[in-house]
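Reviewing the structure listed below.
This structure is a prediction, so every number in the text was calculated from the model and none was measured.
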Amino acid sequence: MPRKPSKKISANSDAAGDAVGSRSCATENCGAGVSPASFQHVITGGDYDSGGDGAKRIKDVLKKIGVDPQLIRKTMVAAYEAEMNVVIHAQKGMMKVAIDPAQVDVAVIDEGPGIPDIDLAMKEGYSTAPPAARELGFGAGLGLPNIKKNSDRFSVQSVPGQGTRLRFTILLQPQQTAGPARNSVQIDAAKCRQCLRCVHACPTLAVRVQSGRPRVLDHLCIDCTSCLAACDSAAIAMPSQPNVPAHTAKTVLVIPGSFLEQFGPGVSPGQVVGALRDAGFTDIRLLDEWENALREAVAAYARDEALAKPVFSPACPAIINLIQVRFPSLLAHLAPFLTPAEAAREEITAPHVVWAAPCPAQCTLLRAPSLLTKIDLVDPLALRQKAFEHIGVHARQPRSLPRPAGPRQTLQVSGIRHVINVLEAVENTRVNDYTLIELYACDQGCFGAPVWIEDPFVAQPRFEWARQVHPILVANGRAGAVRRVEPLAPRAGMRLDSDMRAAMQKLAQIDQLTRTLPGRDCSVCGAPSCAALAEDVVLGRATPDSCIYRSRPPQPPASNP
Amino acid sequence: MGITLSQIAEKLGAQIIEGKRGGKRQINRVYAGDRVSDLLNQASDTTLIVTNLANSSVVRLIELMDVPGICLLNGVQPGPELVQAAKDHDAPIIISTGDMFQTCAKLHQIMETERAPQTI
């Protein structure tokens, strides 16, 4: 993730912080190790003469740092269209720009009427521009499509009556188009005791312990929490900072609702929020805001009768990975929205965000490079410790038992094993009685992240109860669901070879080799099963000799002398 | 390959408001349209833009997209802002007396002749 490595070390970081600094992702994907040029530009609605000034400022910077003219061209089309959108439709707006040698990152936020139907607005030719704009040659209905076409990453979210937020990135260096990191499972081989639990726990058979070193096969890893949960020796970890980073009044703190239920039954979520405020976090955002917004949007989306049923809500990024890797035939069932963490990441443009991500999948989404916002991933337990230090001063409020839940309209499935069972049942068309399913890799959603202390089945209902009482937990309409712009593509994780003929041959070899192995699935070789070892051998990841039964075949019975 | 704006203006019989360095910039291609989004998408530093728009959006087209020149239509005279932008960014403006269709027909002929192999 982001830049400014010089400023990465916070005032809170002591020597211990530095020692484990290599685990942090703060220096990854770093454009070129320089501070980005950044500025904000105010846009005035209806001022057609000044519209374009912001784009001009971007151009001046790009020319000064010697950016390729074609990339300047793309940036100008996107920036000018975005700026004129505000001039034409809104009262006022703000353009936030950050530029480094690797990318141009732009957010355009307006206080305008909003876009009631983004799908429609993304269609070429659709426009609601007033006559004044049309006389000047605008209003062709090509603005948003033009921005998308000319940028490498694009998102738009809008709340009717409040305004529109648009973000786009133009990559200035081709090597970055490979995309952000695919997973955030970090391994410290020195701590591994070779118990092989992770090898057995992985739902996609992506973990190997070979030559005494654990390894994750990136193309199979879906960034779920199974190996983390299985590991007792802390050899597998997330890329979070071990200390709460230094923060100012402008820092935004993002926490999952599950965080607030990690303090036992005696401490209410309201008290935790109060403690975090006392600790200096004045702007606290609950990820549940976006989760609720997504839930509403997906429920409305699922009412479309023409859609493949059941619809899956894209609430959990690891499940999206799972479906891409293992259930590509079900991709059409996924509602086309960004996950809540992605939606939050798109919406928040504050320069500094501290984010208590409870799982590697969320960490991965937040490591997608953005220049406008520096996101510090903090170890949720370090933040919990911080909150604990401030909780003592808050009077404890009595709490009663949660109310019984009403009838469920949506099937919620959590826990990767259950999710896989359900997806298999759906693939075999054995689930036809639900119209909408929300799938989470962890038990009870993010409450089941293994980082937490409270059992998710205890914490989650408590939180449900508390949200009816505490104002911070009540939906306030500030968060919006974000339509996914790029369709999801199947991932080739399960494929043996990109060439189908070669894959068939490899499949035959694997079958043949599997039959020669003992079939005990002992994992002594470091693969989760004999079949997995056979696959590893055929794909060149291991040798047949790794099987102790093969390298030391039983001696033939000695003949009697 | 390519033709300068001065040559185009001369062949069109059109008035030319020159930039700092005169009408020397090379034109390889012509694009005509009245929608800003189309013009943005088609603009390049060797594309002559033909348009009825003679306003601030054309000023931006010159400033942001580095177009080599603008051809206005129906004898419409550019405002002072546009003239200034043309001078500052060396993007001459030619003013055709014909309408879009007539002007494009002539420009097409000029560009085709330019492309045709020279014969004795």
Notebook entry, point to check: B:V58, B:N52, B:D66: which one forms the most heavy-atom pairs within less than 4.5 Å of chain A?
Noted result: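 Of B:V58, B:N52, B:D66, B:D66 has the most heavy-atom pairs under 4.5 Å with chain A.
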Note to self: Restricting to non-hydrogen atoms, name the atom on A:M122 and the atom on A:L144 that form the minimum distance, rounded to 0.1 Å.
What the structure shows: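 For A:M122 versus A:L144, the nearest heavy atoms are SD-CB, 3.6 Å.
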Notebook entry, point to check: Can you tell which of A:I72, A:D53, A:T75, A:I58 has the highest number of heavy-atom pairs within less than 4.5 Å of chain B?
Noted result: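 Most heavy-atom pairs within the cutoff with chain B belong to A:D53.
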Margin query: Between A:M76, A:R134, A:R73, who has the most heavy-atom pairs with chain B when the cutoff is under 4.5 Å?
Written below: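 Among A:M76, A:R134, A:R73, the one with the most close pairs to chain B is A:R73.
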Next item on the list: Under the side-chain contact (heavy atoms from CB on, under 4.5 Å) rule, collect the residues that match up with B:A54, sequence neighbours excluded.
Entry: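 For B:A54, the residues satisfying side-chain contact (heavy atoms from CB on, under 4.5 Å) (neighbours in sequence not counted) are B:L72, B:V76, B:L82.
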Side chain, backbone, both or neither of [X] within contact of chain B (heavy atoms, under 4.5 Å):
X      : answer
A:E135 : backbone
A:N150 : side chain
A:K74  : neither
A:K59  : side chain

Min side-chain heavy-atom separation [X]-[Y] under 4.5 Å:
X      : Y      : value
B:L39  : B:L53  : yes
A:D110 : A:H89  : no
A:I375 : A:R345 : yes

Checklist line | Residue B:Q77 excluded, over 12 heavy atoms near CD under 6.0 Å | finding: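 Yes, CD of B:Q77 has more than 12 neighbouring heavy atoms, counting only those of other groups under 6.0 Å.
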Check: Do the numbers put A:R483 on top of the ring of A:F337, so that NZ or CZ is under 6.0 Å from the six-membered ring centre and no more than 45° off the axis?
Finding: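 Judged by the rule (NZ or CZ under 6.0 Å from the ring centre, within 45° of its axis), A:R483 counts as positioned above A:F337.
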Heavy-atom cut-off 4.5 Å, strictly under: side chain, backbone, both or neither for [X] against chain A?
X     : answer
B:L64 : both
B:D45 : neither
B:N41 : both

Check: Does the distance from a Lys or Arg side-chain N to an Asp or Glu carboxylate O, for A:K56 and A:D60, drop under 4.0 Å?
Finding: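 Yes, charged N to carboxylate O under 4.0 Å.
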Check: With the threshold set at 4.0 Å, does a side-chain nitrogen-carboxylate oxygen contact exist between A:E124 and A:K148?
Finding: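 Salt bridge: no.
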Item checked: Between B:T47 and B:Q42, a side-chain donor and acceptor under 3.5 Å ->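 Per modelled atom types, B:T47 and B:Q42 side chains form no pair under 3.5 Å.
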Margin query: For B:D88 and B:Q84, which I'm curious about, is there any donor-acceptor pair between the side chains at under 3.5 Å?
Written below: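 Yes - a donor-acceptor pair under 3.5 Å links their side chains.
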Next item on the list: Select all residues of residues 94-103 of chain B having any heavy atom within less than 4.5 Å of some heavy atom of chain A, and report them by number, or 'none'.
Entry: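 Counting heavy atoms that sit under 4.5 Å from chain A, no residue of residues 94-103 of chain B is involved.
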